[in-house]
Undergrad: 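This is the structure, below, for whatever I ask next.
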Number of protein chains: 2
Amino acid sequence: MADINSSAKTTPQTAGGEAATAAGGAPRDAEAAWDIIELLFFAYRDFVGDPDAVLLKYAFGRAHHRVLHFVNRNPGMKVADLLDILNITKQSLGRVLKQLVDQGFIVQKEGAQDRRQRLLYATPKGEALSLKLAQLQTERINRAFGELGPGAHEAARRFLTAMIDGDNREGVLRQIARADRAKTRG
Amino acid sequence: MADINSSAKTTPQTAGGEAATAAGGAPRDAEAAWDIIELLFFAYRDFVGDPDAVLLKYAFGRAHHRVLHFVNRNPGMKVADLLDILNITKQSLGRVLKQLVDQGFIVQKEGAQDRRQRLLYATPKGEALSLKLAQLQTERINRAFGELGPGAHEAARRFLTAMIDGDNREGVLRQIARADRAKTRG
DNA sequence: AAAATATGTCAACATGGCTGACATAAATTC
DNA sequence: GAATTTATGTCAGCCATGTTGACATATTTT
């Protein structure tokens, strides 16, 4: 962002500071939380931008990244579960998934109990790429937590969790916890 | 997300788990910050999903939302500034901007000093829509801050700020502060 | 045997990114 | 004052990734 301030000279009138959140607590209800809305926009923009350069070398996009990420984190997950997480149609998923399979980043295995299922697994190659991308993003996260004090990780986790749809939240947390176990051990 | 747990064989325990961040500080460097990466994904997905239903009624998409949002927040901003914020090309911007102008949500006025500029302003109609969308998102944000204790707003602001590219951060903060002044009075 | 489920596929279309080339008017520079 | 640079717009086409709808196949469930 070169310079969003170049037009700054004329516009502002009186100084005003501390408009929305006066002292300690929540903003006045009528007042929109502009700061968080915009910070979230910029933070997320930079956050998802990190892996782009790497993905470019593989001729992959963000769609591939998302698929690879969740498959790697949830070895043996069903296609339907992935669709639910990504909130896209099977046709959209099909395209990128096919490329990831064709190029050896993901394999599909027939389900043991239910042989209709095509369970998804990252190959070593896929796991390596997924990890590489995650660590790029982790660098940014750790840099942030390093700038902030201790407790920042927990605070961020609580904030982000509270931002998730209530009816999703438990499922998401379970999914994260489960994936942690799956990947931490082996 | 219907059910990402259908394939969850065992019972989950507590979320979060001490896996990555032992005690006070930053995670072990080798460990990717999976939890934050995924929470950010889900939180942002739900966050930007809120306005979609409203936008549908106007036959607008997220691109329109972003443009309208920043124009409303920065009355009189230059086209070039908007391009910098959105990180897109003028051709991409042109398409959605034209629709917003044609349908009376944004007006362009010739710059006073520099008559090449087409300064952007939200019309009352545009301001109303922008506010409506922002308040949808604000509901989610305030609900989150309500669930968390006091200080959550400040903690979130600090976390999100720290997640922004270092060379962007000051500009972003200035932009937010300036917009607050411009819109609070106005 | 019939119905439901998990997955895949074909075809068409929409949105919103992109590049490249070029046009216009106004400001700036020589 | 002519030449150049800047701010913006526009045409044309391409690409990635989302959508809907219809249909196919194998397998499980009823």
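Computed from a prediction, not measured in an experiment: that's the story for all the values here. In what follows, every chain begins at residue 1, and chains take the letters A, B, ... in the order their sequences are listed.
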Undergrad: Without decimals, in angstroms, what is the distance between B:Leu55 CG and C:dT15 P?
TA: 13 Å

Undergrad: Determine whether A:Phe70 and A:Tyr121 satisfy the following criterion, ring-ring contact (aromatic ring centres under 6.0 Å, His included), listing intermediate values before the conclusion.
TA: CA-CA 10 Å; A:Phe70 285 108; A:Tyr121 297 86; over 10 Å; no

Undergrad: Taking the side chain as every heavy atom from C-beta outward, state whether A:Leu40 and B:Phe47 have any atom pair closer than 4.5 Å.
TA: yes

Undergrad: Could you state the CE-C1' distance from A:Met77 to C:dA6, rounded to the nearest angstrom?
TA: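 Interatomic distance, CE of A:Met77 to C1' of C:dA6: 14 Å.
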
Undergrad: Rounded to the nearest Å, what distance is computed from the CG atom of residue A:Asp84 to the P atom of nucleotide C:dT5?
TA: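 Distance check: A:Asp84 CG to C:dT5 P gives 14 Å.
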
Undergrad: Does this structure show an ion pair linking B:Glu154 with B:Arg158, if we count only N-O contacts that are shorter than 4.0 Å?
TA: no

Undergrad: Output the rounded distance in Å from CG (A:Leu83) to C1' (C:dT5).
TA: 14 Å

Undergrad: Is the phosphate of C:dG8 approached by A:Gln108 (side-chain N or O, under 4.0 Å from OP1 or OP2)?
TA: yes

Undergrad: I need the CD-C1' distance between A:Gln117 and D:dT27, as an integer number of Å.
TA: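 About 10 Å, once rounded to whole Å.
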
Undergrad: Starting from P on C:dG16, measure out to CG on B:Leu97 and report it in whole angstrom.
TA: 13 Å

Undergrad: Test B:Asp114 against B:Lys78 for salt bridge (charged side-chain N to carboxylate O under 4.0 Å, His left out), laying out the working first.
TA: CA-CA 11 Å; B:Asp114 188 334; B:Lys78 293 192 302 176; over 6 Å; no

Undergrad: Can A:Arg73 and A:Asp180 be counted as an ion pair, charged N to O under 4.0 angstrom?
TA: yes

Undergrad: In whole Å, I'd like the distance from the CG atom of B:Leu86 to the P atom of C:dT15.
TA: 19 Å

Undergrad: Let me have a per-nucleotide readout for nucleotides 16-25 of chain D, 5' to 3', with B, S or -, counting only protein heavy atoms under 4.0 Å.
TA: -BBBBBB---

Undergrad: Just wondering, do A:Leu97 and A:Leu120 contact through their side chains at under 4.5 Å, heavy atoms?
TA: yes

Undergrad: So which protein nitrogen or oxygen atoms get under 3.5 Å of nucleotides 24-27 of chain C's nitrogens or oxygens?
TA:
{"from": "C:dA26", "atom 1": "OP1", "to": "B:Arg115", "atom 2": "NH2", "distance (Å)": "3.1"}
{"from": "C:dA27", "atom 1": "OP1", "to": "B:Gln113", "atom 2": "O", "distance (Å)": "3.3"}
{"from": "C:dA27", "atom 1": "OP1", "to": "B:Arg115", "atom 2": "N", "distance (Å)": "3.2"}

Undergrad: I'd like to check B:Asp46 versus A:Met163 (side-chain heavy atoms, cut-off strictly below 4.5 Å). Are they in contact?
TA: no

Undergrad: Should the ring pair B:Phe145 and B:His153 be called parallel, tilted or perpendicular, given that the plane angle runs from 0 to 90° and is split at 30 and 60?
TA: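 Parallel, since the angle between the ring planes stays under 30°.
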
Undergrad: Under 4.0 Å between a Lys/Arg side-chain N and an Asp/Glu carboxylate O for A:Arg143 and A:Glu139?
TA: no

Undergrad: Could you tell me how far apart B:His65 (NE2) and C:dG16 (P) are, to the nearest whole angstrom?
TA: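 These atoms are roughly 13 Å apart.
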
